[in-house]
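Comments concern the structure below.
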2 protein chains.
Amino acid sequence: MDRRIKKTRDAIFTAFEELLAEKRYEQITVSDIIDRANIGRSTFYAHFETKDALFMATCDELFAHIFEPHGREHSHDFSEDHGLRARLTHILYHLKDDRDRYTRIFSCESADLFWSYFKKQVAVIAAQKKAPAGSLPQELPEDFYINFYCSAFMEAVKWWFGTGLTATPEELEGYFEAVTG
Amino acid sequence: MDRRIKKTRDAIFTAFEELLAEKRYEQITVSDIIDRANIGRSTFYAHFETKDALFMATCDELFAHIFEPHGREHSHDFSEDHGLRARLTHILYHLKDDRDRYTRIFSCESADLFWSYFKKQVAVIAAQKKAPAGSLPQELPEDFYINFYCSAFMEAVKWWFGTGLTATPEELEGYFEAVTG
DNA sequence: AAGAAACCGAACAATTTGTTTATAATTTTA
DNA sequence: TAAAATTATAAACAAATTGTTCGGTTTCTT
């Protein structure tokens, strides 16, 4: 890739992410971004159609690796849940490792798009999840339970970021398991 | 109240709600609203500081009655939870009663904004909720549990609307209780 | 070195926002 | 009913922002 392109894109992403840490998404203007990135206005529009497109590209970059199966989780396990749990754990560690970046995105005004993308991915991962037999007082519609399970995970993660990631990934997983059984 | 004021406010609300059914919130401009409502620009700003303020007022109107304590729930009960459960039940019945109207609200393009308002109100109602003693395998941070509880309720309601309110309020409450204990 | 690709920045029209003005219509009150 | 107060109005306005265009410059590739 042409170095000029990478240089410009990096400058835009960096400026944008810095601004996301300072202002709400709607309050950030294209002029803010190009001033911070120190590039020309037309250059910005040569790279991104709109500010929304930049936001989506930022998310795509951010999520590039977090949902990829990783290491041991690949191994086929007799327990269906074990692979799922391992992948969720992997996600938690990944979030912790890239903490600052994720915190910035999680606090931006349009974080809802991020959460909704995130949840969709979690739903794919957890698509096979079944309600633990016998532990619940009644039968539940399957899609009800899966949605509940994914949402509980998402809310746990949201809560985690809300507290500034004070708990460890293991502790958070403990909380999550406590409420989902 | 001065009839002119009510007339103007109604015109603004109606126009805004119509527009919400057509466009995303962000795409709606003040000019759109005043054109549709057939009022002067300065009149709009005499009533609402910003578009955001109008949105909040609209939510307050749309959800005016659903969150009000109602009937029996007022009675002081020895069990703290009983009042809360009764209020949540009341909400479900209210949703079912005004089914068409709420379906419209929750299927518009800016439904997320309404869901988020809804959840905030539920959080206020459930602010005192404590984790059922002994039923969970470990201690949880209190705000973690409250958020989990509210989110589970919200997701149950969303799921309910997703299925076109096929289940009865009692059934839905059964599902909700099955997962929250 | 030459051509291609990317960048620049300045200018531009078009929207949108929120304020201000002076005037007209409506409601309240005395 | 008449005067006073309140509300609505259109039009004009500055300021901010968006997205495009264009001629000229720098940087990369071959």
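Just so it is clear, the structure is predicted and the values come from calculations on it, not from any experiment. Here is the naming used below: chain letters follow the sequence lines, and residue numbers restart at 1 for every chain.
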What parts of residues 15-25 of chain B reach DNA chain D, counting only heavy atoms under 4.0 Å away? none
Strictly below 4.0 Å: does B/His47 bring a side-chain N or O up to OP1 or OP2 of D/dA8? yes
Any donor and acceptor pair, going by atom type alone, linking the side chain of A/Arg99 with main-chain N or O of A/Gly164 inside 3.5 Å? yes
How are the rings of B/His94 and B/Tyr102 set relative to one another: parallel (under 30°), tilted (30 to 60°) or perpendicular (over 60°)? perpendicular
Letter by letter from the 5' end, nucleotides 24-30 of chain D scores (B base, S sugar-phosphate only, - none; protein heavy atoms under 4.0 Å) ---BS--
Mind running salt bridge (Lys or Arg N to Asp or Glu O under 4.0 Å) on A/Glu17 and A/Arg36 for me, showing each step along the way? CA-CA 11 Å; A/Glu17 286 168 30; A/Arg36 180 78 60 116; over 6 Å; no
For atom CZ of B/Phe48 and atom P of C/dT17, their distance in whole Å: 15 Å
Within the 4.5 Å heavy-atom criterion, are B/Tyr145 and B/Lys129 side-chain neighbours or not? yes
B/Arg9 CZ to D/dT7 C1', straight-line distance once rounded to whole Å: 14 Å
Who are the salt bridge (charged side-chain N to carboxylate O under 4.0 Å, His left out) partners of B/Glu109, not counting sequence neighbours? none
The criterion is ring pair (Phe, Tyr, Trp, His ring centres under 6.0 Å); which residues satisfy it with A/Phe144, sequence neighbours excluded? B/Trp159, B/Tyr175
Measure CZ/A/Phe44 against P/D/dT20 and give the value in whole Å, please. 11 Å
B/Phe114 six-ring centre to B/Lys119 NZ/CZ under 6.0 Å and within 45° of normal: no
Report, one pair per line, the protein and nucleotides 13-19 of chain D atoms (nitrogen or oxygen only) whose separation is under 3.5 Å.
{"unit_1": "D/dT18", "atom_1": "OP2", "unit_2": "A/Val30", "atom_2": "N", "d": "3.1"}
{"unit_1": "D/dG19", "atom_1": "OP2", "unit_2": "A/Tyr45", "atom_2": "OH", "d": "3.1"}
{"unit_1": "D/dG19", "atom_1": "N7", "unit_2": "A/Arg41", "atom_2": "NE", "d": "3.0"}
{"unit_1": "D/dG19", "atom_1": "N7", "unit_2": "A/Arg41", "atom_2": "NH2", "d": "3.2"}
{"unit_1": "D/dG19", "atom_1": "O6", "unit_2": "A/Arg41", "atom_2": "NE", "d": "3.4"}

A/Thr58 and A/Leu54, any side-chain heavy atoms less than 4.5 Å apart: yes
I need the CG-P distance between B/Asp35 and C/dT15, as an integer number of Å. 13 Å
B/Ile34 CD1 to C/dT19 P, in whole Å, measures 14 Å
Between the two end axes of the helix from C/dA1-D/dT30 to C/dA30-D/dT1, each built from 5 base pairs, what angle do you get to the nearest 10°? 30°
Given salt bridge (Lys or Arg N to Asp or Glu O under 4.0 Å), test A/Asp2 with A/Lys7 step by step and report yes or no. CA-CA 9 Å; A/Asp2 194 319; A/Lys7 200 177 134 198; over 6 Å; no
Going through the checks in order, is the ring-ring contact (aromatic ring centres under 6.0 Å, His included) test met by A/Phe48 and A/Phe13? CA-CA 11 Å; A/Phe48 300 100; A/Phe13 280 131; 5.8 Å; yes
Let me see the working for B/Lys6 and B/Asp10 under salt bridge (Lys or Arg N to Asp or Glu O under 4.0 Å), right down to the final yes or no. CA-CA 6 Å; B/Lys6 177 163 171 42; B/Asp10 284 352; 2.8 Å; yes
Between NZ of B/Lys7 and C1' of D/dT9 the distance, given in whole Å, is 12 Å
Counting N and O atoms only, with roles assigned by atom type, does the side chain of B/Arg101 sit under 3.5 Å from a partner on the main chain of B/Leu62, one being a donor and the other an acceptor? yes
Once the angle between the rings of A/Phe106 and A/Phe118 is folded into 0 to 90°, is it parallel (under 30°), tilted (30 to 60°) or perpendicular (over 60°)? tilted
Whole angstrom is fine here: how far is it from CG in B/Asn38 over to P in D/dA10? 7 Å
Can you check ring-ring contact (aromatic ring centres under 6.0 Å, His included) on A/Phe67 and A/Phe63, steps first, answer last? CA-CA 7 Å; A/Phe67 294 113; A/Phe63 282 103; 5.6 Å; yes
May I ask you to evaluate whether A/Ser42 reaches the phosphate of C/dC8, defined as a side-chain N or O under 4.0 Å from OP1 or OP2? no
